[in-house]
Amino acid sequence: MATLNHTIISHSFFILLGIPGLEDQHTWISLPFFISYLVAVLGNILLVFIIITERSLHEPMYFFLCMLAVADLILSTTTVPKALAIFWFHAGEISLDGCVTQIFFIHATFIAESGILLAMAFDRYVAICDPLRYTMVLSHTVIIRVGLAVVLRSFSVILPDVFLVKRLSFCHSNVLPHTYCEHMAVAKFACADIRVNVWYGLSVLLSTVVVDALLILVSYTLILNAVFHLPSREARQKALGTCGCHLGVISMFYLPGIFTIITQRFGQHVPLHTHILLANICMLAPPMLNPIIYGVKTKQIRERVVSTFHSGTMLSLCD
């Protein structure tokens with residue numbers, strides 16, 4: 001009978017509050033959200049366009065960067081527009097199906113980005129440690145297979161999350177103190193046993209993102225060892241410049257997430273709005289900063305951006 005009652009009163013929609021405790025500041029908070037999202041969308045679209053149209057950038061590293069830019073677009077678009085709707089129009093209502101869809105795309109894209117960063121680390125390892133076999137090891141066929149493997153892995157490990165959330169009955173409050181739906185944040189409002197959700201979520205995190213991070217660490221240990229044994233100082237500087245660019249992107253992806261997990265685990269006295277802001281930084285910072293980092297540090301991309309805007313300016317003047 002209890003199960004029947006839970007099924008009858010189970011919520012079919014939720015209300016996202018935005019950032020609890022800072023409701024009166026939502027308009028001001030929305031400004032960095034909007035600017036970051038605008039930079040992320042324009043920067044990543046421009047990056048994809050340049051890599052596709054510039055033949056000199058048709059190399060494995062840039063193909064992986066193109067995949068990363070697409071993932072960044074999906075990740076930021078899945079979360080930020082809804083957050084802005086909450087801040088500007090108080091439109092926090094979201095259906096259970098919409099919430100589950102958001103959970104799927106957020107987690108699947110996050111794991112896909114981790115896999116792409118691992119592929120980029122492997123690309124740098126082969127380029128520096130085994131340059132003579134670079135084109136053979138990372139052929140176009142291999143790159144396509146790696147891209148498919150990344151997508152299939154993220155899809156297959158996150159799809160069960162959809163069913164784990166859909167099976168739950170929500171008979172507690174349907175008000176979520178967040179700007180987007182997150183698996184465990186939603187599961188906590190269920191009136192059923194969520195131990196399966198907890199353990200599955202932890203196992204996915206350990207078997208994907210944590211394993212990827214460890215493999216990236218091993219790759220860069222080998223890479224740096226090889227770099228410092230290069231005979232030419234100019235070669236060392238060039239290799240370190242390329243690796244530094246990638247390490248900056250890796251840091252922007254993993255460090256906010258690690259800091260968020262630490263504050264959630266040990267920061268019981270940290271205000272709730274701080275947790276929510278940190279979670280949003282994980283969604284906003286990498287998509288916004290990745291195209292900037294690669295645009296500034298990569299000569300070919302920087303020159304192509306300058307020539308694109310210069311051509312556009314000249315055309316405007318001619319008109």
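Computed from a predicted model, the values in this text were never measured in an experiment.
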Note to self: Test of understanding: with side-chain contact (heavy atoms from CB on, under 4.5 Å), list the residues that count as partners of E59, not counting sequence neighbours.
What the structure shows: Y62
Check: Can you tell me how far CD1 of I111 sits from CD1 of I116, rounded to the nearest 0.5 angstrom?
Finding: 12.0 Å
Next item on the list: Hey, could you give me the CG/OG1 distance between L73 and T78, rounded to the nearest 0.5 Å?
Entry: 10.0 Å
Next item on the list: Provide the closest heavy-atom pair for H178 versus L16 in the form atom of the first, atom of the second, distance.
Entry: O-CB, 3.5 Å
Note to self: Does either side chain, that of S30 or that of W88, offer a donor lying less than 3.5 Å from an acceptor on the other one?
What the structure shows: yes
Check: Do we see a donor-acceptor contact under 3.5 Å between the side chains of H183 and N197?
Finding: yes
Check: Does the E23 side chain pair with the main chain of G21, one donor and one acceptor, at a distance under 3.5 Å?
Finding: yes
Checklist line | ring-ring contact (aromatic ring centres under 6.0 Å, His included) between F87 and F34, worked out | finding: CA-CA 10 Å; F87 296 151; F34 176 70; over 10 Å; no
Note to self: With ring pair (Phe, Tyr, Trp, His ring centres under 6.0 Å) as the rule and sequence neighbours excluded, what pairs involving residues 193-234 come up?
What the structure shows: Y220-H246
Check: If only atom types and distance count, is the side chain of T109 paired as donor or acceptor with the main-chain N or O of I106 below 3.5 Å?
Finding: no
Next item on the list: Would you confirm whether N290, through its side chain, and P286, through its main-chain N or O, come within 3.5 Å as a donor-acceptor pair?
Entry: yes
Note to self: Is the ring pair F14/H11 parallel, tilted or perpendicular, if the boundaries are 30 and 60 degrees?
What the structure shows: perpendicular
Check: Can you list the steps and then say if Y180 with K82 is a side chain to side chain contact (heavy atoms under 4.5 Å, CB included)?
Finding: CA-CA 7 Å; Y180 59 84; K82 184 60 180 178; 6.0 Å; no
Next item on the list: Examine distances only and state if a side-chain atom of N280 and a backbone atom of I276 form a donor-acceptor pair shorter than 3.5 Å.
Entry: yes
Notebook entry, point to check: Do H58 side-chain atoms and I51 backbone N/O form a donor-acceptor pair below 3.5 Å?
Noted result: yes
Item checked: Between CZ on residue F189 and CE on residue M184, distance to nearest 0.5 Å -> 11.5 Å
Check: Could you walk me through whether C66 and L47 pass the side chain to side chain contact (heavy atoms under 4.5 Å, CB included) check?
Finding: CA-CA 7 Å; C66 189; L47 198 58; over 6 Å; no
Note to self: Rounded to the nearest 0.5 Å, what separates atom OH in Y254 from atom CG in L117?
What the structure shows: 5.5 Å
Notebook entry, point to check: Heavy-atom distance under 4.5 Å between the side chains of V80 and M283, does that happen here?
Noted result: no
Item checked: Under 3.5 Å donor-acceptor, S154 side chain and V151 backbone -> yes
Next item on the list: Drop me the distance from M120's CE to S219's OG, to the nearest 0.5 angstrom.
Entry: 12.5 Å
Item checked: Gap separating the CZ atom of F63 from the CD1 atom of I52, nearest 0.5 angstrom -> 9.0 Å
Check: Would you say the side chains of Y125 and D130 form a donor-acceptor pair under 3.5 Å?
Finding: no
Checklist line | Any donor-acceptor N/O pair, E93 side chain to I15 backbone, under 3.5 Å | finding: no
Next item on the list: Under the side chain to side chain contact (heavy atoms under 4.5 Å, CB included) rule, what do V186 and C99 come out as? Steps first, then yes or no, please.
Entry: CA-CA 9 Å; V186 174; C99 204; 3.8 Å; yes
Next item on the list: Give a yes or no on whether a salt bridge exists between K166 and D161, defined as a side-chain N under 4.0 angstrom from a carboxylate O.
Entry: no
Next item on the list: Classify the ring geometry between F155 and F104 as parallel (under 30°), tilted (30 to 60°) or perpendicular (over 60°).
Entry: perpendicular
